[in-house]
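Have a look at the structure below, then the notes.
As the structure is a computational prediction, the values presented were derived from the model and not from experiment.
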Amino acid sequence: MNKTLEYYLEKYTGHNEFRTGQKEIITDVLEGKSCLGILPTGSGKSLCYQLPARVLNGLVVVVSPLISLMIDQVKQLKAEGFREAVALNSFLDYTEKQQVYHNLDQYKLVYVSPEMLQNPYFLQRLRKQSISLFVVDEAHCISQWGHEFRPDYLKLDTVIQDIGNPPVLALSATATPDVQKDIIKQLNCEQMVKHIHPMDRDNIAFVVKTVESDKYKLDYIAALLHSYQVPTMIYFSSRKWTEQAAEILRTHVPNLRIAFYHGGMEQTDRILIQQQFMNDQLDVICCTSAFGMGINKKNVRLVVHYHLPTQVESFIQEVGRAGRDGEASVNLLLSNENDQLLPKQLIETELPTHGQITMLMDYLRHLVESKELTIDESLVSTQFQFNETQWRFLKYQLEVHGMIKEDRLVQISSSDRKAIVNDIHLLVDKRKKLKLAKLTDLINWIHDKGCRRERLFLPFQEQVRPAKFQCCDHCGFSFEEWNPTITNKRITSDNWEDMLQSLFFQGEHHEKQTS
DNA sequence: TTAGGGTTAGGGTTAGGGTTATAGCCGGTGCGTTTCT
């Protein structure tokens, strides 16, 4: 490569300067080094693999957690004139998938889900390609989702090995040192070069408001929305509550456009609500944690937590959706003494109980003894009352321990079986303890008397920048002194070209340079 | 002759009232699912 990186940047994106962190990562990647890149949101993380994809020979595989993210990225790349990118997922029908499988060598960039990387046929095709780089986008998902919710995230190390150990690039905006360590461990990439940038946000003020009971929370929010009609996100931990709260707030503040959003909604409704919020056609979203990843709205001024997330990591991610344009923004957490009940319940139901595990293992022994080696998964789930996550967690553990291979039971000795039951019991206890400790960290932060910004970020980075505007309720923040900038865009022009332009970009929720 | 209104019977759904038992909170995040290359 004789040309400078700046030459390629200019050639492919039209920009003449790299943003913070990009150049170092791209340089390492082009030299074949594996990297962990923690870059703030909006710093253009995707350029770190999209530029190498154009320069390097061979295929770049990008693991992405959401189909909507893959589709957005491919759409944007095609709009920039890069046609050798494709998103491979269940949105494609059989023939389309076959097309991609058979023409893999014609692409430079393929986006896939971790689940898709368990498809034996796809893996077989992938092995025949020369893979120049293996990317894990939103890499914190490995740590936050992999252990229980989406175990295929923990199988990526095997995939990497299987396709010939290409260099690995793991990217995330918010990964605490614990999560960073976990990412490196799970990917089995001890030699990763770290490019860690601080994740504190100097334009967000932190406020905790303690109320006597939950019913005062909505009153407080309604009063706040009366005074501040700014783009607002309100986080709940229950789908039902997002709907009820939206309804109640609509009657309290009828001049605001308020909607709800959660994972149980129809796909088309989700897309519609998301796009309306992006385009300032909605003012307030009552949502669960389903609303967030990949949403890059710049002018969110207020993020409210009605319920408590289960861990500080999620809290930081959700808080970070405010003030992406750098303007003064506020995070408000509404608290009362029952805060921990709901997150505790969520942690409990994520993992199976000892009793369930023991009964399942007895049942499996019985199956093997009667020479029945296939498992009827839906029967098992109903019989032992596993939810989806619990069963997936257990199935993965049984695979790890060699009791299930290629969906079939394996005959093992009874002493081995006892050891495995014991192992899984210990693991469940360890995971629950870890998760409860993370919840306790967050609850301690609520009751801490120190500076909120410092106490939130200092455990994760060496220094916390001083607040650009107001800091927090412990450093003298008051809503009276908060004058949020209003930037809601509307179609105001009479010019048909402007109107067409804004219509065209409805629903585009990526920045131009994220690339 | 046809369009459109009215009637009727039968099946299914929902709202609302009455009764009884008992808990208080009842829960989040998404991918894949087809084929013999």
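As rounded to the nearest Å, B:dT22 and B:dC26 have C1' atoms that lie 14 Å from one another.
The phosphate of B:dG30 (OP1 or OP2) has a side-chain N or O of A:Arg270 nearer than 4.0 angstrom. Distances shown here put every side-chain N or O of A:Ser289 at or beyond 4.0 Å from the OP1 or OP2 atom of B:dT29. The phosphate of B:dG32 (OP1 or OP2) has a side-chain N or O of A:Ser113 nearer than 4.0 angstrom.
Residue ring and base: A:Phe149 counts as stacked with B:dT29 (centre distance below 5.5 Å, interplanar angle below 30°).
To the nearest angstrom, P of B:dC31 lies 13 Å from CG of A:Leu92. Note: CG (A:Leu117) to P (B:dG32) measures 10 Å, nearest angstrom. Between the CG atom of A:Leu351 and the C1' atom of B:dG28 there is a distance of 14 Å, given to the nearest Å. Look at CG on A:Asp407: it is 17 Å from P on B:dG32, rounded to the nearest Å. At whole-Å resolution of the value, CZ in A:Phe236 and P in B:dT29 are 13 Å apart. Atom P of nucleotide B:dT33 and atom CD of A:Glu388 are separated by 15 Å, given to the nearest angstrom. Put simply, CD on A:Gln144 is 16 Å from P on B:dC31, counting in whole angstrom units. Taking atom CD of A:Glu148 as the reference point, atom C1' of B:dG30 lies 15 Å away to the nearest angstrom.
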Grab the N/O contacts between the protein and nucleotides 23-27 of chain B below 3.5 Å, and write none if there aren't any.
from	atom 1	to	atom 2	distance (Å)
B:dG27	O6	A:Gln345	NE2	3.1

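Tested against A:Phe291, the residues A:Phe277, A:Phe260, A:Tyr235 include a single ring pair (Phe, Tyr, Trp, His ring centres under 6.0 Å) partner, A:Phe277. Checked against A:Asp325 for a salt bridge (Lys or Arg N to Asp or Glu O under 4.0 Å), the options A:Arg201, A:Lys298, A:Arg301 give a single hit: A:Arg301.
As judged by a 4.0 angstrom heavy-atom cut-off over every strand, A:Pro65 is placed among residues touching the sugar-phosphate backbone only. Within the 4.0 angstrom heavy-atom criterion, no nucleotide atom of any strand lies near A:Met293. Across all strands, A:Gln118 comes closer than 4.0 Å to no nucleic acid atom at all (heavy-atom distances). Across all strands, A:Asn89 comes closer than 4.0 Å only to sugar-phosphate atoms, never to a base (heavy-atom distances). Residue-level contact check: A:His307 touches neither bases nor backbone, having no heavy atom under 4.0 Å from any strand.
Here the side chain of A:Arg150 is nearest to one of B:dT33, B:dG30, B:dG28, namely B:dG30. Among the nucleotides B:dT33, B:dG30, B:dT29, the one closest to any side-chain atom of A:Leu66 is B:dG30.
Ring-plane geometry between A:His425 and A:His354 is classed as parallel, the angle between the planes falling under 30 degrees on a 0 to 90 degree scale with a further cut at 60.
Salt-bridge formation is not detected for the pair A:Lys430/A:Asp423: no Lys NZ or Arg NE/NH1/NH2 atom is positioned less than 4.0 Å from an Asp or Glu carboxylate oxygen. Look at A:Asp214 and A:Lys217 and you find a salt bridge, because one of the NZ, NE, NH1 or NH2 atoms lies within 4.0 Å of a carboxylate O, short of that distance. Under a 4.0 Å N-O distance rule, the pair A:Glu399/A:Lys405 does not qualify as a salt bridge.
With hydrogens and angles disregarded, no donor-acceptor distance shorter than 3.5 Å links the side chain of A:Arg392 to the backbone of A:Glu148.
Residues forming a ring pair (Phe, Tyr, Trp, His ring centres under 6.0 Å) with A:Phe134 (at least two apart in sequence, or on another chain): none.
Where A:Tyr94 and A:Pro114 each meet DNA chain B at their nearest nucleotide, the meeting point lying more 5' is that of A:Pro114. When each of A:Glu115 and A:Pro120 is assigned the nucleotide of DNA chain B with its nearest heavy atom, A:Glu115 is the one assigned upstream, toward the 5' end.
Nucleotide B:dG30 carries an anti base; the chi torsion (O4'-C1'-N9-C4 or O4'-C1'-N1-C2) is more than 90° from 0.
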